[in-house]
Amino acid sequence: MSVNSEIGAGKIVSVNPATGELIGQFECATEDSVQAAVERARCAQADWQALGPQRRIAILGKFQELLHRRKTEVAEWITRETGKPVVEALVTEVSVVLDAARFLIEHAQRLLRDDAVPHGNLATKLKRGRLLREPYGVIAIVSPWNYPFSIPATETLSALVAGNAVVLKPSELTPSCALELQSLLHAAGVPQDVFQLVLGDGSAGAALLQAEIDKLVFTGSVVTGKRIAAAAAQKLLPVVLELGGKDPMIVLEDADLDVASSAAVWGAFVNAGQTCLSVERCYVQRSVYDRFLDACTEKTVRLRVGKGMDPEMDVGPLIHERQLHIVETHVDDAKARGARVLAGGSRLADLGTNFFAPTVLADVTHDMRIMREETFGPVLPIMAFDTEQEAIRLANDSEYGLAASIWTRDRSHGESLARQIRAGTVMINDVVSCFAISEAPHGGVKASGIGRTHGAFGLNEMVWPKYVDLELLPRMKKVWWYGYGQNFRRQMDGFLDLQFARGLKQRLRGALRARGVLSRKRL
Ligand code: NAD
């Protein structure tokens, strides 16, 4: 496997968070090597674009086949670098990528083809319009560690199928997963320079932003996202920003409490809570609050925490100690402000340095950090509400707006409440899974980001619209060209009435006044 990085001063180190075992050391790309990678990508992009969608889709098909064949090895790499259970790596990463490829194989040709643009205005009827979808050129992707395979892969596949070259800067914590992606893409037939990796920490990402890229797709924290947006503004560089979340789950009293509590527990603890779409806040109608708390507690204490390589484990470690510290700080703040700990609440030092017990907190309030800041750890904070309007107000009382869920047996009522929530996705009777629906756009509002990945909207982010206008009567001068005068003014006045006046009479009068506009003398 080749890495596009010249030897720089720095190194990144990949460590198994469950065991502390060193997985590998990698040289950081330097500013010069990042620049060179982007230049190579630019040179290679024209031929890639010239291949056309059909041949690029065929390469995607090959990639899908290879990934399917290597699914277990890829999942185990993900587990080694992130700690999550192998089955989770299969379900939430490998499967998502296989299906994203399926979506593009089935739909990219149609979604990327030229569209006719019919004209409604009488003045432009003698033209034919066509919309082309042009690849940007070189798309840079900067990705996080929590889904180190599915996030960069889904974004890369959309960018590539649209005819772009890609330079990916993966998280410094998960370079091996990106190397797996690179080796699969190259083996499938994506030319070496059309997909390249630059490894390193934030400074490699910053160098990529400064290189001659045409668009940046960033997934990560709000803090870094703001930094990137500020730097991109200086260059007027288009960006997609997939940032953090604080997703609310609203449980109405008519919900199936057994199913909803299982969803809350899985949604809060999958990937040890390190999911942008995690259930980070749970609001439960007061009449069923105690029963819901009991069900969540009972299911949480049964979870088995340990190394993701062990198939009997449900929850793995956090990625590193800094993340544990944030979780601990949020839990301690909640406790100090009156929250009740129903399960967990502390580190599991016996298992290793990065393990935290799945935690259920009751009686939380919006004065607590746990309900306002992204915790990104295995904590399920639950709060009671009295009226639905109160639940909606609480759900919207956040700087974030990535996703939300509503739990009710009344589907149409759920849909009407969904309209009142400001979030990129609202799920009715499910959590987290929207990320795995390849047709659904993924992304947020407010501090959760700008733009979308996945689905047709995600593919659209990888192209810019070029409108091509064709004149059908090229030997005719346009009526609106020079040769102005009183007569022309009267004709145009009439022409506007002909098209836009409300009454038929006024339109006909307009037509009379517009007479002769075509034969008018022009310069
Ligand atoms: P992060 O912001 O620390 O890092 C993300 C990436 O940005 C890494 O590759 C990092 O090296 C790079 N980076 C850091 N500084 C940079 C700079 N100045 N310029 C360019 N690149 C820079 O985020 P993280 O800790 O890796 O990921 C966790 C965060 O990502 C959470 O907030 C989570 O909610 C968010 N996330 C969002 C989504 C989504 O789809 N909305 C998905 C997954 C994760």
Side-chain angles (χ1 to χ4, degrees), residues 10 12 14 17 26 28-29 31 34 81-82 84 92-93 96 140-155 167-175 177-178 197-211 213 216-232 234-235 237 239-247 270-280 318-320 322-323 326-327 373-377 398-403 423-425 432 434-436 440-454 458 461:
I12 53 170
S14 161
F26 305 87
C28 288
E31 267 179 39
V34 170
E81 273 193 330
T82 64
K84 66 183 75 178
T92 65
E93 303 234 36
V96 169
I141 296 176
V142 175
S143 56
W145 49 264
N146 63 332
Y147 287 88
F149 190 73
S150 60
I151 289 175
T154 50
E155 294 166 356
V167 181
L168 166 65
K169 206 302 279 175
S171 168
E172 53 274 39
L173 301 172
T174 51
C177 296
L197 282 184
V198 289
L199 297 186
D201 57 13
S203 57
L208 192 50
L209 194 56
Q210 293 312 322
I213 55 172
L216 180 87
V217 180
F218 170 77
T219 309
S221 62
V222 173
V223 173
T224 312
K226 284 183 178 171
R227 243 177 243 150
I228 284 179
Q234 294 306 312
K235 304 173 73 180
L237 182 79
V239 288
V240 171
L241 301 174
E242 294 285 2
L243 308 179
K246 191 76 196 166
D247 290 1
V270 62
N271 201 21
Q274 303 164 115
T275 302
C276 55
L277 295 161
S278 287
V279 173
E280 287 242 345
L318 276 79
I319 191 75
H320 47 42
R322 292 194 303 286
Q323 200 57 45
I326 296 172
V327 175
E373 299 169 29
E374 190 179 43
T375 306
F376 228 51
S398 172
E399 69 171 297
Y400 295 100
L402 192 56
T425 299
V432 182
C434 55
F435 189 75
H442 172 68
V445 294
K446 301 195 270 183
S448 291
I450 296 170
R452 293 292 180 268
T453 56
H454 296 206
E461 296 279 6

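Predicted model, so just to flag it, every value in this text is computed and none were measured. Values below: every heavy atom of this structure, side chains too, minus hydrogens, waters and symmetry copies. All ligand and atom numbering here is 1-based and tracks the order in the structure.
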Considering only heavy atoms of [X], which atoms of ligand 1 have at least one such atom less than 4.0 Å away?
X: I151; answer: 42 (C), 43 (C)
X: S143; answer: 6 (C), 8 (C), 9 (O)
X: V142; answer: 6 (C), 7 (O), 9 (O), 12 (C), 21 (N)

Could you tell me whether ligand 1 has any atom less than 4.0 Å away from a heavy atom of [X]?
X: G225; result: no
X: L209; result: no
X: F435; result: no
X: W145; result: yes
X: S171; result: yes

Taking N or O atoms only and a 3.5 Å limit, does L243 qualify as a polar contact for ligand 1?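 Yes, L243 has an N/O under 3.5 Å of an N/O on ligand 1.
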Nitrogen or oxygen of H442 less than 3.5 angstrom from that of ligand 1: yes
Nearest option to atom 36 (N) of ligand 1, as decided by whichever heavy atom of S448, C276, G424 sits closest: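 That would be C276.
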With no hydrogens and no angle check, is any side-chain donor or acceptor of Q323 less than 3.5 Å from a backbone partner on F376?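 The answer is yes, because a donor-acceptor pair under 3.5 Å joins these two groups.
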Any heavy atom of I228 under 4.0 Å from ligand 1? The part involved is side chain
How about S14 and E81: does a side-chain donor come under 3.5 Å of a side-chain acceptor?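 Yes, side-chain donor-acceptor contact under 3.5 Å.
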Please tell me whether T82 and Y147 have a donor and an acceptor in their side chains that are separated by less than 3.5 angstrom.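 Not at all, the side chains of T82 and Y147 share no donor-acceptor pair under 3.5 Å.
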